[in-house]
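Contents: one structure, followed by commentary.
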Amino acid sequence: MASAAQRRIKSISYAKYGYIFILPFFLVYFFFQLWPLINTFIVAFQGNGTNSGNPVGFENFELLLKNVTLTASEKAQLLDPNTPDDVYNALAAKNGAAGIHTDFVNAFKNTIILWVGNFIPQIALSLSLAVWFTDAKLKIPGKGFFKVVMYMPNIITAASVAVLFLSLFGESKFGVVNQMLAELGIVENLDIANKSTAIKFVTTKWPSRFIVMFIQTWMWFGNTMIMLMSGIMGINPSLFEAASIDGATSGQTFRKITLPLLSPIMVYTLVTSMIGGLQMYDIPYLYHVGDNVSKHIETVAVFIYRHFHTGRQFQNYGYSGAASVLLFFVTLALGMVTFYINRDTDAIAKKKQRKKLAQQMKAQNKQFGGLGV
């Protein structure tokens, strides 16, 4: 029989203290994340500029996904001073949206290209280094030093990295790379007044894209390597020992043991990289010259920022909100597809089998009047 002290201890609930400790997180989340998220959906269904207070339904999404242009009669109405104000405002908003579809499609294409172009070399390099550093057979001197050095780019601010690479690949008078290529005779050594050739690494299509891909890979491969190393170190060492005793080669061990058991952390890495890649903003926005971001590296996140803060004719709140919502659903769909493809089919089959056996047993018990045999 429990004593009075034991009964008193059991009657005390500490759950409320846990809720008090986590309350600041929910307050911060509500004010700085949840409400902006809800407001984004609200703004996505609103008009733009002077018409921002009037609901327009799915018009913003239609303009982003469908190339809409003014007809001859609509252009005439826009120029006619006798056009009613409500019609004029609608036509002005539509005219201001000219080319919005092309810009959005171009930004989405750039986002996919830049993400795929940095994720593939990033995962290949990170996985190779993770396997190398966790191999018990290899006695690598200074292993901890190399881990720290490879992770360091991840803690450097994106602004600093963008300035660094702009300095390296900028105009030939100051850019180290362009100056070196000019001395080798690969590019023409132009003076500062004429730098159309000298800044091609920043302004032209594939050179600028390759630089952004390289920056993203260089900054994030160390973080990915650490995550994959943690996954490999979580695998039972006896499996590697058994494979070694059976005479398995390093390649066989990697394909038959490491990769299959590493699939959960690989899925996590793929999903987080995909989310980060689709929301890529800092490097593509900062790596440019002049006032406008290059069309070759403008991502959807940069498109959203540009139309929200620096619209061509007015601030395009609705277009930015609609683009954010579309990006959200694209990320959600890709994440669901990734989880579906990488699901554990064996566990699902066993679960279905157990469910089928339970149904069969229930049917048998019902057949014999609820009594087991």
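The structure presented is a predicted model; accordingly, all values stated were derived computationally and were not measured. The figures here come from the full heavy-atom set of this structure, side chains too, leaving out hydrogens, waters and symmetry mates.
Annotation for Leu27: hydrophobic cluster partners, listed by chain and number, are Leu23 (ILVMFWY side-chain heavy atoms under 4.5 Å, direct or chained). In this structure, Tyr340 shares a hydrophobic cluster with no other residue, the cluster being traced through Ile, Leu, Val, Met, Phe, Trp and Tyr side chains under 4.5 angstrom apart.
Without hydrogens or angle criteria, Asn106 side chain to Lys295 main chain gives a donor-acceptor distance under 3.5 Å. Judged by distance alone, the side chain of Thr338 and the main-chain N or O of Val271 form no donor-acceptor pair under 3.5 Å.
For Phe45 and Phe61, the ring centers sit closer than 6.0 Å to each other.
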Throw together a table of side-chain donor-acceptor distances under 3.5 angstrom for residues 257-269, partners on residues two or more places apart or in other chains.
| from | atom 1 | to | atom 2 | distance (Å) |
| --- | --- | --- | --- | --- |
| Ser263 | OG | Pro260 | O | 2.9 |
| Thr269 | OG1 | Ile265 | O | 2.8 |

Donor-acceptor pairs under 3.5 Å, side chain of residues 205-215 to any protein atom, not counting sequence neighbours: which ones?
| from | atom 1 | to | atom 2 | distance (Å) |
| --- | --- | --- | --- | --- |
| Ser208 | OG | Thr204 | O | 2.5 |
| Ser208 | OG | Lys205 | O | 2.8 |
| Arg209 | NE | His296 | O | 2.9 |
| Arg209 | NH2 | Asn110 | OD1 | 2.7 |

Validation: residues 224-237 side-chain donor-acceptor distances under 3.5 Å, sequence neighbours left out:
| from | atom 1 | to | atom 2 | distance (Å) |
| --- | --- | --- | --- | --- |
| Thr224 | OG1 | Gln122 | OE1 | 2.6 |
| Thr224 | OG1 | Trp220 | O | 3.1 |
| Ser230 | OG | Met227 | O | 2.5 |
| Asn236 | OD1 | Ser238 | N | 3.1 |
| Asn236 | OD1 | Ser238 | OG | 2.9 |
| Asn236 | ND2 | Ser238 | OG | 3.2 |

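Between Ser324 and Ile304 the shortest heavy-atom distance is OG-CD1, 3.3 Å. For the pair Thr157 and Ser160, the tightest heavy-atom approach, listed with the atom from each and the gap, is OG1-OG, 2.7 Å. Contact detail for Leu64 and Ala322: the closest heavy-atom pair is CD1-CB, 3.5 Å. Considering every non-hydrogen atom in both Pro284 and Thr299, the closest pair reads CG-CG2, 3.9 Å. Nearest approach of Ala158 to Ile283, heavy atoms of both residues: O-CD1, 3.6 Å.
For Tyr285, the ring pair (Phe, Tyr, Trp, His ring centres under 6.0 Å) partners two or more places apart in sequence, or in a different chain, are Tyr281, His288, Tyr305. Applying the side chain to side chain contact (heavy atoms under 4.5 Å, CB included) criterion to Leu65, with sequence neighbours excluded, gives Phe104, Leu326. Looking at residues two or more places apart in sequence or on another chain, you find a side chain to side chain contact (heavy atoms under 4.5 Å, CB included) between Val116 and Ile112, Ile120. With sequence neighbours excluded, the residues that form a side chain to side chain contact (heavy atoms under 4.5 Å, CB included) with Gln359 are Lys355. Applying the side chain to side chain contact (heavy atoms under 4.5 Å, CB included) test to Leu334 and every residue at least two apart in sequence or in another chain returns Met274, Leu278, Val330. Residues meeting the side-chain hydrogen bond (donor to acceptor under 3.5 Å, both in side chains) test with Thr134, sequence neighbours left out: none.
Going from atom CE of Met219 over to atom CG of Asn118 covers 11.0 Å, rounded to the nearest 0.5 Å. Here the straight-line distance linking atom CG of Asp282 with atom CG of Leu286 works out to 6.5 Å at 0.5 Å rounding. Taking CE of Met336 as the start and CZ of Phe329 as the end, the distance is 11.0 Å to the nearest 0.5 Å. In this structure, CD1 in Ile100 is found 9.0 Å from CG in Asn60, a value given to the nearest 0.5 Å. Separation of atoms OH (Tyr19) and CD1 (Ile22) is listed at 7.0 Å; rounding is to 0.5 Å. In this structure, Trp115 CH2 and Met280 CE are separated by 9.5 Å, a value rounded to the nearest 0.5 Å.
Counting heavy atoms from C-beta outward, Gln252 and Asp246 have side chains that stay 4.5 Å or more apart. Residues Val148 and Tyr151 form no side-chain contact, since every pair of their non-hydrogen atoms from C-beta on lies 4.5 Å or further apart. In this structure, the side chains of Trp218 and Ile156 come closer than 4.5 Å at one or more pairs of heavy atoms. For the pair Leu129/Trp132, a side-chain contact is recorded, criterion being any heavy-atom separation below 4.5 Å from C-beta on. Between Val131 and Asp135, the closest side-chain pair of non-hydrogen atoms is not below 4.5 Å. Residues Phe328 and Thr40 form no side-chain contact, since every pair of their non-hydrogen atoms from C-beta on lies 4.5 Å or further apart. No side-chain heavy atom of Lys352 sits under 4.5 Å from any side-chain heavy atom of Lys356.
In the hydrophobic cluster analysis, where Ile, Leu, Val, Met, Phe, Trp and Tyr join through side-chain heavy atoms closer than 4.5 angstrom, Tyr319 is grouped apart from Val105. Transitive grouping of hydrophobic side chains (ILVMFWY, heavy atoms separated by less than 4.5 Å) brings Phe145 and Ile155 into a common cluster. Residue Ile38 is grouped with residue Phe31 when hydrophobic side chains (ILVMFWY) are merged at heavy-atom distances under 4.5 angstrom, including chains of intermediate members. Phe133 is connected to Val149 through a chain of hydrophobic side-chain contacts under 4.5 Å among Ile, Leu, Val, Met, Phe, Trp and Tyr, so both are in one cluster. Residues Phe169 and Val163 are members of separate hydrophobic clusters, defined by side-chain heavy-atom contacts under 4.5 angstrom among Ile, Leu, Val, Met, Phe, Trp and Tyr.
Residue Phe41 places its CZ atom among more than 12 non-hydrogen atoms of other residues, nucleotides or ligands, all under 6.0 Å distant. No more than 12 heavy atoms of other residues, nucleotides or ligands shown are found within 6.0 angstrom of CZ on Phe108. By the 6.0 Å contact criterion, CD on Gln353 is open, its count of non-hydrogen atoms from other residues, nucleotides or ligands being 12 or less.
Side chain to side chain, Ser250 and Thr253 fail the donor-acceptor criterion of an N or O pair below 3.5 Å.
Pairs engaging residues 22-31 under the side chain to side chain donor-acceptor pair (under 3.5 Å) rule: none recorded [sequence neighbours left out].
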